[in-house]
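To find a chain, count down the sequence lines: A is the first, B the second, and so on, and within it residues start at 1.
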Number of protein chains: 2
Amino acid sequence: MRLFWQHGYEGTSLTMLTSAMGITPTSLYAAFGSKDGLFREAVELYSAPEASPTDRAMGAPTAREAVERMLRGNADAYADPDTPPGCMVVLSGINLAEGHEHVGRYLAGLRRADLDKVRARIRRGVEEGDLPAGADPDVLASFAVTVLHGLSVQARDGAGRERLQAVVDGAMAGWDRLAR
Amino acid sequence: MRLFWQHGYEGTSLTMLTSAMGITPTSLYAAFGSKDGLFREAVELYSAPEASPTDRAMGAPTAREAVERMLRGNADAYADPDTPPGCMVVLSGINLAEGHEHVGRYLAGLRRADLDKVRARIRRGVEEGDLPAGADPDVLASFAVTVLHGLSVQARDGAGRERLQAVVDGAMAGWDRLAR
DNA sequence: CGATTTATGTAGTGTTCGCTACATAATTGC
DNA sequence: GCAATTATGTAGCGAACACTACATAAATCG
């Protein structure tokens, strides 16, 4: 998972994987079927709901709090020095050679699912009254997710926890202007 | 340039390049020295100051206007259906195999240079009084660039011009809360 | 024109890629 | 304990990778 996270799908070779896992290609293929299969299991491990800051944040009592927790939780994860910087789902399949487009679509689908979750949480906020009726869930969700994805690039460019949290400060200020 | 832009540095093979350019590997190497050399010339063409929305935007009369022009100009470019979606400097070298780290550092340096340009323009705005003295150029520039980079991912995920511009609306609202 | 230089195509180089046939070792089930 | 099944290591598959030696064609220049 960490190799794919750091180097991306194509940037991680079977040699890197087998030596890191301490097994031979035969065992890897017996257990995972293909490089694709291993990658998907790695992504599933990465984005397991019980550990995903995004999924956990959606349970917050208000939509604003859910978005803020999502951004702050992911910002901290992106800047964690014990793991590769940024988000695996955003970074590991951004640019792919011909023949691997399905990997990009798979990751784009996960990003889309996150966007949908955020938008649904925002809609709920409008329904429950903690957001004004005029708030546009589409725009608010796109804004939040755009900042989220930008944080991954910032983290990969070396931004630390404080810097990312300062960006979230700005994003939440923008949220308060948009959500009224 | 378009191939590297679409598929990234490693995702673009010499076969793709030579067939697209209509030349043989020998001619390519005689003209550009290496795949790296061609990639760098492609990036330089992509980010030529006279065509770069970011460089052109920095000439705006106020810092706020400069940032807004940068975001809106790049958003339009990212969503241009005639070119690959998103920013080549952000997307073409995010995830690299071992041995190609220098390509990633090269692109990160360009991103850093853009961040520095934005921060310098913001500092000038504080000096010239169109931004309040308490505005923090570091935070404002990081916020603007984070949104900018997030727009690239949104564009690659299929967001169109209107959607990206709506995100910029939100970002500028956030700017107005931060810059006071 | 003839000689030199420059540019281009042909046909490969060695390396690494994802992946697998085959044989051996470990484990399981009766 | 012995056969059947499962798991693992060895060695190497064809294909694609970035790149280049060599020969030929084009252009330049006296």
Exercise. Could you tell me from which nucleotide to which nucleotide of DNA chain D, 5' to 3', there is an atom under 4.0 Å from chain B heavy atoms?
Key: dC17(D) to dA21(D)
Quiz item: Applying ring-ring contact (aromatic ring centres under 6.0 Å, His included), which residue pairs with at least one partner in residues 84-116 of chain A are found, sequence neighbours left out?
Solution: Tyr9(A)-His100(A)
Quiz item: Do any pairs count as a ring-ring contact (aromatic ring centres under 6.0 Å, His included) and have a residue in residues 45-89 of chain A, sequence neighbours left out, and if so which ones?
Solution: Trp5(A)-Tyr46(A)
Quiz prompt | Rounded distance (Å) that lies between atom P of dG18(C) and atom NE2 of His102(A) | solution = 13 Å
Donor-acceptor contacts under 3.5 Å from residues 48-58 of chain B side chains, at least two apart:
{"from": "Ser52(B)", "atom 1": "OG", "to": "Thr54(B)", "atom 2": "N", "distance (Å)": "3.3"}
{"from": "Ser52(B)", "atom 1": "OG", "to": "Asp55(B)", "atom 2": "N", "distance (Å)": "3.2"}
{"from": "Ser52(B)", "atom 1": "OG", "to": "Asp55(B)", "atom 2": "OD2", "distance (Å)": "3.4"}
{"from": "Thr54(B)", "atom 1": "OG1", "to": "Asn74(B)", "atom 2": "ND2", "distance (Å)": "3.0"}
{"from": "Asp55(B)", "atom 1": "OD1", "to": "Lys117(B)", "atom 2": "NZ", "distance (Å)": "2.8"}
{"from": "Asp55(B)", "atom 1": "OD2", "to": "Lys117(B)", "atom 2": "NZ", "distance (Å)": "3.4"}

Quiz prompt | Of residues 25-40 of chain B, the positions that come close to DNA chain C - non-hydrogen atoms, cut-off under 4.0 Å | solution = Thr26(B), Ser27(B)
Validation: residues 86-94 of chain A side-chain donor-acceptor distances under 3.5 Å, sequence neighbours left out:
{"from": "Ser92(A)", "atom 1": "OG", "to": "Met88(A)", "atom 2": "O", "distance (Å)": "2.7"}

Under the rule for side-chain hydrogen bond (donor to acceptor under 3.5 Å, both in side chains), what residues qualify as partners of [X], not counting sequence neighbours?
| X | value |
| --- | --- |
| Ser13(A) | none |
| Glu65(B) | Arg69(B) |
| Arg64(B) | Glu68(B), Asp176(B) |
| Ser152(B) | none |

Per-pair distances, 0.1 Å, donor-acceptor, side chain in residues 128-140 of chain A, under 3.5 Å, sequence neighbours excluded:
{"from": "Glu128(A)", "atom 1": "OE2", "to": "Arg124(A)", "atom 2": "NE", "distance (Å)": "2.9"}
{"from": "Asp130(A)", "atom 1": "OD1", "to": "Ala63(A)", "atom 2": "N", "distance (Å)": "3.1"}
{"from": "Asp136(A)", "atom 1": "OD1", "to": "Asp138(A)", "atom 2": "N", "distance (Å)": "2.9"}
{"from": "Asp136(A)", "atom 1": "OD1", "to": "Val139(A)", "atom 2": "N", "distance (Å)": "3.4"}
{"from": "Asp138(A)", "atom 1": "OD1", "to": "Arg119(A)", "atom 2": "NH1", "distance (Å)": "3.2"}

Exercise. Please list residues of residues 2-22 of chain B whose heavy atoms come under 4.0 Å from any atom in DNA chain D, ordered by number; otherwise none.
Key: Thr12(B), Ser13(B), Leu14(B), Thr15(B)
Quiz item: Does a side chain donor of either Glu10(A) or Asn95(B) reach within less than 3.5 Å of an acceptor in the other side chain?
Solution: no
